[in-house]
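Right, one structure below, let's go through it.
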Amino acid sequence: MRREPPRSSLALQMGQETIYLLLAVALFSAILLGGYLVALNARPRPREEPPIIVLPEAGGFNFAAGSAALSPAFETRLARQIVPRLRAIGEAYDADVIEVIGHTDDVPRQGGGRLPSNLDRTLVPLYLGEATAEPQASDNAGLGMARAVSVARFLRLAGLSRFTIVPLSAGPFLQPDDRTIGAGEARADAGRRRIEVRMRRRRTASGG
C-alpha cells in the first residue's frame, strides 16, 4: 500500500509552490511596470516643445536673389531630409500644426516700392497647388512670406496635408538665435536668410 506523505510535508510543499507563484507574478508585474515607465519617460511630456527645424542657405536651402521659386536641389532636400523629420516630430509630440516662417535680411529690395507686387493674386493659388504666376514681392516682408508659401506648398503636396500648414513671414526682424535685430548689426547677413519650420499642437476653443 502506497503511503501518503505526512500532512506537514504536503502543506510545506504547497506553501513553497504558492510562494514561487507569487514571486513569478511579482517579477512579471515589475517587468511590465518597468517597460511602461521607460515608455512614459521616452515620450515627450505635454508641455515640451517640438524642436525647431532651420533651413539655412548654407545648408543648400537657398533661393535665387529676390525669388521665391524652389530649385530642384531645394525640393530634393525637403523631400529626403525634412518631410520624414516632420512626420516623426508630429508623431512624437502629438503635433498637428506646421508653421513655415520666412526670414530675410534687411537689405532693401532693388527698386524699392517701385516694384509691382502681385502677392495678393498669387500666394493663395500657389499654396493650394494651382497654376499661378511667380510671386513678385516689393519688400523683404513680402519676400519672406512668398518663400514660406513656396515651402508650405511643397510640404502639402509631399504628403503632409493631414497637418495644418501655416506660412508666415518674420521679414528681417529675427536673428537666427531668436533675438530681434539691433541697430548697427550686419544687414547683408546670409545667416538671417533662412526658413524655419516649427510644429505645435492645435489650440482648442478653451485655449489649451
Side-chain angles (χ1 to χ4, degrees), residues 50-87 89 95 97-161 163-181 185-200:
I52 299 171
I53 300 176
V54 180
L55 314 182
E57 283 196 353
F61 299 98
N62 56 298
F63 297 86
S67 173
L70 302 183
S71 67
F74 198 133
E75 292 183 343
T76 297
R77 288 184 174 87
L78 284 176
R80 293 180 179 177
Q81 301 175 22
I82 305 307
V83 171
R85 285 186 65 188
L86 291 174
R87 287 199 183 102
I89 293 172
V97 178
I98 300 173
E99 295 179 341
V100 181
I101 308 167
H103 296 264
T104 68
D105 58 25
D106 62 338
V107 176
R109 297 291 318 284
Q110 291 185 358
R114 297 189 300 276
L115 285 174
S117 173
N118 65 358
L119 299 187
D120 284 344
R121 298 188 304 275
T122 60
L123 289 189
V124 172
L126 175 65
Y127 175 78
L128 296 176
E130 301 171 1
T132 181
E134 181 177 352
Q136 298 289 341
S138 60
D139 51 43
N140 282 312
L143 182 61
M145 175 60 83
R147 290 174 171 178
V149 169
S150 292
V151 174
R153 171 186 182 273
F154 182 89
L155 297 180
R156 289 183 69 251
L157 300 179
L160 296 178
S161 57
F163 295 93
T164 299
I165 304 178
V166 184
L168 302 167
S169 174
F173 290 100
L174 282 180
Q175 297 278 29
D177 60 2
D178 264 0
R179 291 184 304 109
T180 52
I181 187 68
E185 296 190 88
R187 305 185 72 179
D189 182 359
R192 293 167 58 188
R193 300 191 296 270
R194 66 200 186 279
I195 296 288
E196 288 184 352
V197 185
R198 307 185 182 212
M199 298 193 72
R200 61 174 173 83

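None of these values were measured; they are calculated from a predicted model. Along the sequence shown, residues are numbered consecutively beginning with 1.
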Minimum heavy-atom distance G142-D139, with the two atoms named: N-OD1, 2.7 Å
Shortest non-hydrogen contact between S150 and L126, atoms and distance: OG-CD2, 3.7 Å
Pi-cation contact, F63 with R193 (under 6.0 Å, within 45°): no
Nearest-0.5 Å distance that lies between atom CG in L86 and atom CE in M199: 5.5 Å
F173 atom CZ, neighbour heavy-atom count above 12 within 6.0 Å: no
Beyond-backbone contact of T122 with E134, side-chain heavy atoms, under 4.5 angstrom: no
Gap between atom CD1 of I98 and atom CZ of R198 - 0.5 Å precision: 14.0 Å
Interatomic distance, T164 atom OG1 to R156 atom CZ [nearest 0.5 angstrom]: 10.0 Å
Closest contact, heavy atoms only, V97 versus F163: N-CD2, 4.4 Å
Heavy-atom check, side chain of P116 versus side chain of Q136, under 4.5 Å: no
Distance, nearest 0.5 Å, that separates NE2 of H103 from CD of Q175: 11.0 Å
Distance, nearest 0.5 Å, that separates CD1 of I195 from CG of N62: 11.5 Å
Shortest non-hydrogen separation from L55 to I53 and the atoms involved: CD2-CG2, 3.8 Å
Residue pair S138 / R109, side-chain heavy-atom distance below 4.5 Å: no
Residue D178 excluded, over 12 heavy atoms near CG under 6.0 Å: yes
Salt bridge flag under 4.0 Å for residues D105 and R192: no
Any R87 side-chain heavy atom under 4.5 Å of L160 side chain: yes
Candidate list V149, V166, I165, test side-chain contact (heavy atoms from CB on, under 4.5 Å), partner V100, passing option: I165
Heavy-atom closest contact (I89 atom, P50 atom, distance): CG2-CB, 3.7 Å
Aromatic plane relationship, F61 with F74 - under 30° parallel, 30 to 60° tilted, over 60° perpendicular: perpendicular
Any side-chain heavy-atom pair of L78 and L70 under 4.5 Å: yes
Validation row: T132, E130 side chains within 4.5 angstrom (heavy atoms): no
Heavy-atom pair of closest approach, residues I101 and A148: C-CB, 4.4 Å
